[in-house]
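So the structure is just underneath, and the comments pick up after that.
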Amino acid sequence: MKNSITIAVGCVLLTACTHAPATLKDALAGKFLIGTALNIPLIEGTDTLGVAVVRQHFNAIVPENCMKSMFLQPEEGRFFFDEADAYVAFGEANKMWVTGHCLVWHSQAPQWLFVDKNGNDVSREVLIERMRTHITTVVSRYKGRIKGWDVVNEAIMDDGTWRPSKFYQIIGEDFIPLAFQFAHEADPDAELYYNDYSTAIPAKCEGIAKVVKAIQGKGLRIDAVGMQGHLTMEFPSVEQFEASLLAFSALGVKVMVTELDLTVLPSPHNFSGADVSANFDFQQELNPYVDSLPAAVALVHQNRYVDFFKLFLKHQDKVTRVTLWGVSDRDSWRNGFPIPDRTDYALLFDRSYQAKPVVEEIVRAAKQ
Ligand code: 9MR
């Protein structure tokens, strides 16, 4: 009897040791945080399978949409915090690194922000005050709880020039240092980031470096540059990404990969990037994997993901966080961008929330 119990217990332990799936967060512990973006069903817990994956594999979160200014302050002075509160509570309950996204962005900003009652652009002073109020209200509410903020998102164009956003047109270049100043005043302990896509384009990298230097030149806090990492199968190369990573690091800031995904679908007209205003008509030939991803294509996709993780591991002294832009392929924004209604396979977990083989490969790379 005693022997059979011993054997049974031994088997259970052995099974646990040999078959327990390694998790991303365990494998990457001590190297960098591994995060994911949360949509509303994850925040509210209705996506129970997704929540289980988040808890199992990730130790950092970012809100995919609910903290954008059009949702937080749709009318001047009227703030709606229910979902943002739930998001922060989720992170705290699960002891995760909680990031805020994003305070100043030309997109998903409420209409009223830039105009007066007659629909004319407001003055520089008015927009600065509106920006100050928004940042101060939001950052103060989560003081000490949200550990880092994407303060300014996507202010530089691919050619390195300033995006002609309303913030830029009305306030001028100063809108960025001012935003960082207001965020720091509201929570002096919070980390502050500049975040952008296609950062591997050399001209864009240089443009962003100028922004970072301008912030630093005014003696203001900036902790990291967020390289979004919306990758295609063609662009960028690992070497191109690495060059920008090193250029940002040389400025004396940390680097974060903040919105990682890898579309496997053909890009219309070689389009890359994440400019949300981009939009192309649906064409069946640009949606080739409706039923499943052929194994050969999946393998190329997997290898490219692993190559990028190897790069992040190589620079783990510079990279503090790598965050996937979502959990499962089912929910990825990539299915709808830049062409609506396609079937993409951009993330690490499939449509049934199963870890793809790439997860094990990343774990293996982390252990090497
Ligand atoms: O994933 C987000 C998607 O659900 C929204 O419709 C979209 C609209 O602005 O924003 C997406 O997230 C973006 C992020 O906030 C900033 N970088 C680019 C991301 C992908 O567009």
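It should be emphasised that the depicted structure is a prediction, and the values quoted were computed from it without experimental measurement. We count ligands from 1, going down the list as the structure has it; atoms in each ligand are counted the same way.
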**Request:** Please work out whether the ring planes of F79 and H134 are parallel, tilted or perpendicular, with thresholds of 30° and 60°.
**Result:** parallel
**Prompt:** Knowing that exactly one of D187, D85, T136 qualifies, which makes a side-chain hydrogen bond (donor to acceptor under 3.5 Å, both in side chains) with R141?
**Reply:** D85
**Message:** Is there a side-chain contact between F308 and R304 in this structure, where contact means two heavy atoms from C-beta onward sitting under 4.5 Å apart?
**Reply:** yes
**Prompt:** ligand 1 versus F337, non-hydrogen atoms closer than 4.0 Å: side chain, backbone, both, neither?
**Reply:** neither
**Asked** Under a heavy-atom criterion of less than 4.0 Å, does W105 contact ligand 1?
**Response** yes
**Prompt:** Which residue supplies the protein heavy atom nearest to atom 6 (O) of ligand 1, what is that atom called, and how far is it?
**Reply:** N65 OD1, 4.3 Å
**Asked** What about W333: any of its N or O atoms under 3.5 Å from an N or O on ligand 1?
**Response** no
**Fill in**
Taking only non-hydrogen atoms of Q228 and a 4.0 Å limit, the atoms of ligand 1 in range are 17 (N), 18 (C)
**Asked** Counting each atom of ligand 1 from 1 as listed, which ones have a heavy atom of Q108 under 4.0 Å away?
**Response** 8 (C), 9 (O), 10 (O)
**Ligand-residue contact atoms, ligand 1 with N153, heavy atoms, under 4.0 Å** = 16 (C)
**Item:** Pairwise side-chain contact, I135 with W149, heavy-atom cut-off 4.5 Å (strictly under)
**Value:** no
**Asked** Any donor and acceptor pair, going by atom type alone, linking the side chain of K254 with main-chain N or O of D317 inside 3.5 Å?
**Response** yes
**Request:** Give me the ring orientation class for Y305 and F309: parallel if the planes are under 30° apart, tilted from 30 to 60°, perpendicular past 60°.
**Result:** tilted
**Message:** My understanding is that we take every heavy atom of each candidate and find the minimum distance to atom 13 (C) of ligand 1. Doing that for K68, R334, M70, which one comes out nearest?
**Reply:** K68
**Residue, atom name and distance, where the atom is the protein heavy atom closest to atom 18 (C) of ligand 1** = E259 OE1, 3.2 Å
**Atoms in ligand 1 with a heavy atom of E64 nearer than 4.0 Å** = 1 (O), 2 (C), 3 (C), 4 (O)
**Request:** Output the distance between atom CD (E64) and atom CG (L38), rounded to the nearest 0.5 Å.
**Result:** 9.0 Å
